[in-house]
Amino acid sequence: MPWEDVIALAVFNPSLSAGAVTGFGWNFALLPPDPERPGYTLPGAGIVVGVGGLPGALAQWEYIRRFMEEGPEAITPSAQEWGLEWYDAYVAREKAACERTNDMARWRRFRRKRRWEHARLAHWYTEYRMKHVLPKAVPRDWLAEWSKPLPKAQWAKPSRQLSELGEQLRAAYQRGEQFIEMGDIEQRFGVEAAPAPRSAYRTLPFRHCQA
């Protein structure tokens, strides 16, 4: 699907019970549009992750945007922040830091918090799902078929506005500015993004795959 059709959202997400608000949080969502219903997102598809706040959501978006529009050379490799191996190494680093500073009170607080969150169990379960559950949820051979590159003639051409905004952002980064402090970049740089298209495009291949 054309990259400019993808929808990104930063969502404030209060947790509610029958009697009170029990917590607050932010989510970052990256959603594909429905190829057969212009103006709607594809039901059940997309990525939603919890983030620490609006700056975290903006940083997630800009990391993905730069990869998609400028390529892997524009970003730094991301850490694998899941799985038992990563978690055990993370705990070992934290313990070593507390021992170097002789701050064992901080270490005890860290351990209590991780136990309360069932953190090691969560990382084990994430690793199990990634290796054993998610591969079975995808129709046979679907990922290989879906990942075949499109012929260059079918590549979506970026709009003039998208290209201009990208150039403005690259220049701002060279000046030392940060994305999360720029505000509305269309207003900042005087570039108005093209309206979202309202015509359907090629249907996603998994609609016709059998599990």
Side-chain angles (χ1 to χ4, degrees), residues 6 8-31 45-138 143 147 166 169-185 188:
V6 174
L9 300 172
V11 182
F12 180 64
N13 184 30
S15 301
L16 304 175
S17 70
V21 176
T22 57
F24 300 94
W26 283 83
N27 288 335
F28 170 72
L30 199 64
L31 306 172
I47 300 169
V48 180
V49 295
V51 292
L54 181 57
L58 293 173
Q60 287 272 5
W61 160 250
E62 184 61 357
Y63 188 89
I64 294 170
R65 185 200 69 79
R66 294 201 72 183
F67 175 81
M68 293 297 294
E69 296 180 18
E70 301 177 37
E73 66 278 0
I75 62 173
T76 55
S78 59
Q80 177 182 301
E81 297 182 357
W82 54 269
L84 286 181
E85 183 178 355
W86 179 89
Y87 177 74
D88 288 341
Y90 162 61
V91 172
R93 289 194 302 272
E94 184 68 20
K95 183 178 182 181
C98 292
E99 289 174 344
R100 281 197 304 272
T101 58
N102 197 29
D103 190 353
M104 301 315 292
R106 171 186 161 191
W107 169 246
R108 287 190 292 271
R109 290 193 300 271
F110 174 86
R111 292 293 290 165
R112 281 197 301 270
K113 189 172 189 298
R114 299 290 86 80
R115 289 195 183 105
W116 183 80
E117 294 172 340
H118 300 289
R120 198 169 193 277
L121 173 64
H123 283 274
W124 170 84
Y125 184 60
T126 300
E127 182 174 323
Y128 177 81
R129 282 178 55 82
M130 294 289 290
K131 291 182 177 179
H132 303 289
V133 177
L134 295 181
K136 296 178 181 178
V138 177
L143 188 59
S147 299
L169 282 169
R170 279 190 286 274
Y173 291 143
Q174 290 175 356
R175 295 192 297 268
E177 299 185 48
Q178 297 186 19
F179 182 76
I180 62 174
E181 298 174 352
M182 292 184 191
D184 187 331
I185 62 170
R188 163 80 184 278

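Quick caveat: nothing in here was measured; it's all calculated off a predicted structure. Heavy-atom basis, side chains included; hydrogens, waters and symmetry copies ignored.
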So for atom [atom1], which belongs to [X], do other residues, nucleotides or ligands contribute more than 12 heavy atoms lying within a distance under 6.0 Å?
{"X": "Phe12", "atom1": "CZ", "value": "yes"}
{"X": "Glu85", "atom1": "CD", "value": "no"}
{"X": "Ile47", "atom1": "CD1", "value": "no"}

Backbone of Thr76 reached by a side-chain donor or acceptor of Tyr63 within 3.5 Å: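 Yes; judged by distance alone, with no hydrogens or angles, the pair exists.
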Flag the pair [X] / [Y] as yes when at least one side-chain heavy-atom distance between them is below 4.5 Å, and no otherwise.
{"X": "Met68", "Y": "Arg65", "result": "no"}
{"X": "Trp107", "Y": "Met104", "result": "yes"}
{"X": "Val91", "Y": "Arg120", "result": "no"}
{"X": "Leu169", "Y": "Arg66", "result": "no"}

For residues [X] and [Y], report the shortest heavy-atom separation together with the two atoms involved.
{"X": "Leu30", "Y": "Trp61", "result": "CD1-CZ3, 3.9 Å"}
{"X": "Phe28", "Y": "Ala8", "result": "CE1-CB, 4.2 Å"}
{"X": "Ala29", "Y": "Val48", "result": "CB-CG2, 4.0 Å"}
{"X": "Leu54", "Y": "Ala10", "result": "CD1-CB, 3.8 Å"}

At what distance, to the nearest 0.5 angstrom, does [atom1] of [X] lie from [atom2] of [Y]?
{"X": "Leu58", "Y": "Gln178", "atom1": "CG", "atom2": "CD", "result": "11.5 Å"}
{"X": "Ile64", "Y": "Glu69", "atom1": "CD1", "atom2": "CD", "result": "11.5 Å"}
{"X": "Met130", "Y": "Tyr125", "atom1": "CE", "atom2": "OH", "result": "13.0 Å"}

Residues Glu94 and Arg106 bridged, charged N to O under 4.0 Å: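 Counted as a salt bridge, because a side-chain N and a carboxylate O are separated by less than 4.0 Å.
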Worked verdict on Glu62 versus Tyr173 for side chain to side chain donor-acceptor pair (under 3.5 Å): CA-CA 12 Å; Glu62 184 61 357; Tyr173 291 143; 2.4 Å; yes
Geometric cation-pi criterion, Arg114 with Phe110: 6.0 Å, 45°: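 Verdict for Phe110: a cation-pi partner in Arg114.
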